[in-house]
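I have placed the structure first, in the form of C-alpha cells, so that the comments after it can refer back to it.
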Amino acid sequence: MKSFESLGLSRGLVESVQQIGFETPTPIQEKAIPVLLNGNRDFVGLAQTGTGKTAAFGLPLLELVDDRSRDTQALVLAPTRELGLQIASDLENFSEKFKSFNIVAVYGGSSISEQIRKVKKGAQIIVATPGRLIDLIDRKAINLNTIKYVVLDEADEMLNMGFKDDLDKILSFTPDDKATWLFSATMPREVRAIMKNYMSDPFELTVGEQNTGNVNIEHNYVIVQENNRYPALKRILDYNPDIFGLIFCRTRIDTQKIAEMLMKDGYNADSLHGDLTQQQRDRVMMKFRQRALQILVATDVAARGIDVEDITHVIHLNIPDEMEFYTHRSGRTARAGKKGVSIAMISKRELGKVKQIEKTLKSPFKRMMIPTGADVCQKQLLALMHRVREVKVNEDEIAEFLPAIEAELKDVSKQELIKRFASIEFNRFLDYYRNAPDLNVEGKRGSSSEGGEERYSTGSRFFINLGKMDGIDVSKMLELIDDHAGVSKKDIGKIDLKGAYSFFEVEPSRAEEIVSGLNGIEYKGRQVRVEITEQKQSGGSRGRSSGGRSDRGKSSSGRNSGGGGRSRSSNQKGKWR
Ligand code: AMP
C-alpha cells in the first residue's frame, strides 16, 4: 500500500491530510492522484460513493490551483447542496495548513446576493450546484473564462436529477482548454454522452467493478404484506437498538408520514425531503450528523450524496424502481471502509426486482426474517444488560446517595434485584410484544392475524376477562361497552377476541369511563374485570433509551417505566437519546 507522500503531493498537504486522520490513500486516491497532478488530462473515475473521491480530486486540485491569483480557476459541480457544502468544507480542511484559498460554495435555498458578494471577492475555487450556478451566470455575477479545471462529481446523479441542460450551458461558458474530471458511480448512456461531447481522450479509471456494490454492504430483504410495512419497520428498528439509520421512502408525503408516525411512537426520528425549507433541512442534517437524531427518513433526492459517518443501516421502505437509486441509497452506509447493512422491504411480487439488482451488483441478497416479538424482547433485554455492564459509574457523585439506596434494597437478593431492575425498562416491550403476530409472509413460524400489534393505532388498550368462550363477538362487545360505560362504537378501536379474554382499544379520553363502567359488572354469571394494558404507541421504541448513543449524559429513568398509560407528550422527540 502506498503512502500519500509517494503520490507526489506537497509535504504541507500531506501533513494536513494526516492530521485529519487519513493515514493511507484509498484505492481511488492511490490511482487518481498521480494522474490528476499532471493537470492537463481529462479524467473519468468510475467509483462507488464513499470511496474517497473527494480527496482523490480535491488534493490534486489544491496542488494545481494558484492561491496567489484571485482568478476563479476551478469549478466543482455537485448534484445537491448537501454534497456541495461537504466538498467545500473538505477542501477547506485539506488546505487549511497548506495554502490560503478562497473557496466559495454556491447553492440554492440560500441568499444569492451573499454568494455573489463572496464570488466577487475572488474565489479561486467554486463548488456549485448546477441550478444556482446558472442563476449566477445569467446575472453575469461570475466569470468562468479563467477556469482551468472542472470537476463533475456524481455526474450520474446530476443527470438523473435533470441537470443535463444546465451542465451543457455551464460547460459552454468554460474555456476549451480546461481539464474536465468526471466522477460517477454508474456509467449510463447520458454520462457517456457527456464524455463524448465534452472530453477528449480521458484517462479512464474504474475502482472496483463497474456497478458492483460496495463489498462492505450486506444486502438483505424482508418480505412484507403491504399493510404490515410500518409494524415490520418498527420491528426492525426495535431489533437494532443501536441503529443509526437512514430510511428511504419513495415520496415526500410518505417520508413525512413515516417520520411523524415514528416520532409519535417515541422513536428519535425526523424527515428530510424537498418540502422542507432549506433552514429546516440544514437543521435536520445537523442533528443527524451530530447523532442527536437516530433515524432519518428521507426521499432519494434529498438524501443524495450525503456523507454521514457510521450510518449502520439503510432501510428501503419500498424497493426503488431504478437500479441507480438502490446503489445510491445503500451507498450511504459502509463508507470509508466500514461495514453497513441495507434492508429492502419488498412484497412477494417484488422478488424479481431483488434478483435483478442482485445480478447487476453481483452481490447476493439474503432474505432476512422480520424479527418476532420474542426476538425483539431478547435483543432489547441483552442490549439493556450490556448497557448496565458498560455504564460509566460516577463514583464521587453517586456516593452520597448510596447509603439510602442500599437501605431501600437491603432485603432484595441479587437475583431478585437483577430481575426487577431489568423489568423497569423491559416491561413495555413485553407488554407490547406479548401477543405480537409473526409478520413474515410465509414465515417459518407461520403468520397470524391475531395478536396485539396494531398499525396506526392511537387509543388506549384494554384487557377484558371475557372472550369467545363467553359467547362474545364484536357486536356484543360493543353493546356491552356502550351499555355499561356509555362509550359508543365511534370511540372504540380494534377488538381482538381471544378464548377466555379479549383486548379492545378506546379513544384515550374515554379510558376512565371504561374502567369505572365495566369493572365489577356481571356478564353471564362472571364478574367482569378490565385493565388498561398500554397506551397503544408501539411497544417498540420506548426502550430506545437503551441505544448506544443514549448514554451521553441523559438519564433514562422515569421516562417510560412499565407499559401502561404513558401519556403521549409532545416532547417525545429526541427522548430516546
Ligand atoms: P468520499 O467518497 O470522498 O465522500 O469519502 C467517503 C468517506 O471516506 C469520507 O467520510 C472521508 O472522510 C473518508 N476518507 C476519504 N479518504 C480517506 C482516507 N484516505 N482514509 C480514511 N478515510 C478517508
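Order of appearance sets the numbers: ligands from 1, and atoms from 1 within every ligand.
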Examine ligand 1 and decide if any of its atoms is less than 4.0 Å from a heavy atom belonging to T24.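 Yes, T24 has a heavy atom closer than 4.0 Å to ligand 1.
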Within this structure, what is the CG-CZ distance for the pair N197 and R192, rounded to the nearest 0.5 Å? 13.0 Å
Please say whether K53 places an N or O atom under 3.5 Å from an N or O atom belonging to ligand 1. yes
Check whether any N or O atom of P25, backbone or side chain, sits under 3.5 Å from an N or O atom of ligand 1, and answer yes or no. no
Verify whether one side chain among H316 and S342 offers a donor that lies under 3.5 Å from an acceptor in the other.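 A donor-acceptor contact under 3.5 Å links the two side chains.
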Greater than 12 external heavy atoms within 6.0 Å of K118's NZ: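 No - once you tally the heavy atoms of other residues, nucleotides and ligands closer than 6.0 Å, there are 12 at most.
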So which bit of F4 gets within less than 4.0 Å of ligand 1, heavy atoms only: side chain, backbone, both or neither? side chain
Structural part of Q86 in contact with ligand 1, heavy atom criterion under 4.0 angstrom: neither
Which of the ligand 1 atoms, numbered from 1, are nearer than 4.0 Å to a heavy atom of [X]:
| X | answer |
| --- | --- |
| T51 | 2 (O) |
| T54 | 1 (P), 3 (O), 4 (O) |
| T26 | 16 (N), 17 (C), 18 (C), 19 (N) |

For the residue pair L317 and C249, what are the closest heavy atoms and their distance? CD2-SG, 3.9 Å
Pairs in or reaching into residues 103-112: which pass side-chain hydrogen bond (donor to acceptor under 3.5 Å, both in side chains), with residues at least two apart or in two chains?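 Pairs touching residues 103-112 that pass the test: S111-S113.
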Going by salt bridge (charged side-chain N to carboxylate O under 4.0 Å, His left out), name the residues that satisfy it together with K97, two or more places apart in sequence or in a different chain.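 Salt bridge (charged side-chain N to carboxylate O under 4.0 Å, His left out) list for K97, sorted by chain: empty.
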